[in-house]
Amino acid sequence: MFDEKSYNIKMDKAIEVFTKELSSLRTGRANAAMLDLVKVDVYGQQMPINQVGSITTPEPRMINIQVWDANNVSLVDAAIKKSDLGLNPQIDGQLIRLPVPELNEERRTELKKLIKSIGEKCKVSIRNIRREANEELKKLLKAKEIGEDEEKSSEKNVQTITDDHIKVVDEKVSLKEKEIMTI
């Protein structure tokens, strides 16, 4: 039997990952989620910053990271500098301050392109899930587990689910672009 729900859930997960990537992009405001994708090489493994210190945003253009272990301050500093966030850490003992500068026009257009490419990747993964579903339908038809009518209607349903998910991705992309282009 064909299970559309499992493919719907897979597409939802793809959008979830996409949303998380979008939230890590730097707009003009300080946001702790910006640091989610930055990994620090501590204790012999890659760890997210929120596991080596506490992250706060005391003001709209400032992120503070209170590193728990003084030995890790320089490692966190290096990881932030290495990331493509374009932030310049200021170290004050075990506290790292990250001033979030205004976005210039060039950086805005760069981010717009990046958002579009992240959106495209998400759409590709959604389409791959659709292809996977259609292949399963063809196998079931070949094995005579379902009829042609059922295959066609399931294919239509999968296409509808795909279209809905792609529409969600497009909406999120345009919202994020508006957010970035707003000064």
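It should be emphasised that the depicted structure is a prediction, and the values quoted were computed from it without experimental measurement. The analysis underlying the following values was restricted to heavy atoms, covering all of them including side chains, and did not include hydrogens, waters or symmetry mates.
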Point-to-point distance, once rounded to the nearest 0.5 Å, from CG of L137 to CD of E148: 12.5 Å
Can you tell which of N64, I65, L95 makes a side chain to side chain contact (heavy atoms under 4.5 Å, CB included) with T56? N64
Are any of the side-chain nitrogens in E132 or K10 under 4.0 Å away from the carboxylate oxygens of its partner? yes
Contact summary for V38 and S83, nearest pair of heavy atoms: CG2-CB, 3.8 Å
Beyond-backbone contact of V17 with E21, side-chain heavy atoms, under 4.5 angstrom: yes
Just wondering, do F18 and V169 contact through their side chains at under 4.5 Å, heavy atoms? yes
Pairwise side-chain contact, N72 with Y43, heavy-atom cut-off 4.5 Å (strictly under): yes
Within a 6.0 Å radius of atom CD on E106, are there more than 12 heavy atoms belonging to other residues, nucleotides or ligands? no
Before accepting this row, confirm whether a basic side-chain N of the pair E120/K123 lies closer than 4.0 Å to the acidic partner's carboxylate O. yes
Do the side chains of V52 and L75 get nearer than 4.5 Å, heavy atoms only? no
Distance check, rounded to the nearest 0.5 Å: Q46 atom CD versus K39 atom NZ? 8.0 Å
Any donor-acceptor N/O pair, Q94 side chain to V67 backbone, under 3.5 Å: yes
Using 0.5 Å steps for rounding, measure from the CZ atom of R130 to the CG atom of D163. 7.5 Å
I'd like to know if R131 and E135 make a salt bridge, using a cut-off of under 4.0 Å between side-chain N and carboxylate O. yes
For a 4.5 angstrom cut-off between non-hydrogen side-chain atoms, does T19 reach I15? yes
Note: K138-E155 ion pair, threshold 4.0 Å (strictly below): yes
Between I80 and I49, is any pair of side-chain heavy atoms under 4.5 Å apart? yes
Is E151 close to L140 at the side-chain level, that is, under 4.5 Å between some pair of heavy atoms? no
Please report the interatomic distance NZ(K167) to OG1(T162), rounded to the nearest 0.5 Å. 12.5 Å
Is L22 close to I115 at the side-chain level, that is, under 4.5 Å between some pair of heavy atoms? yes
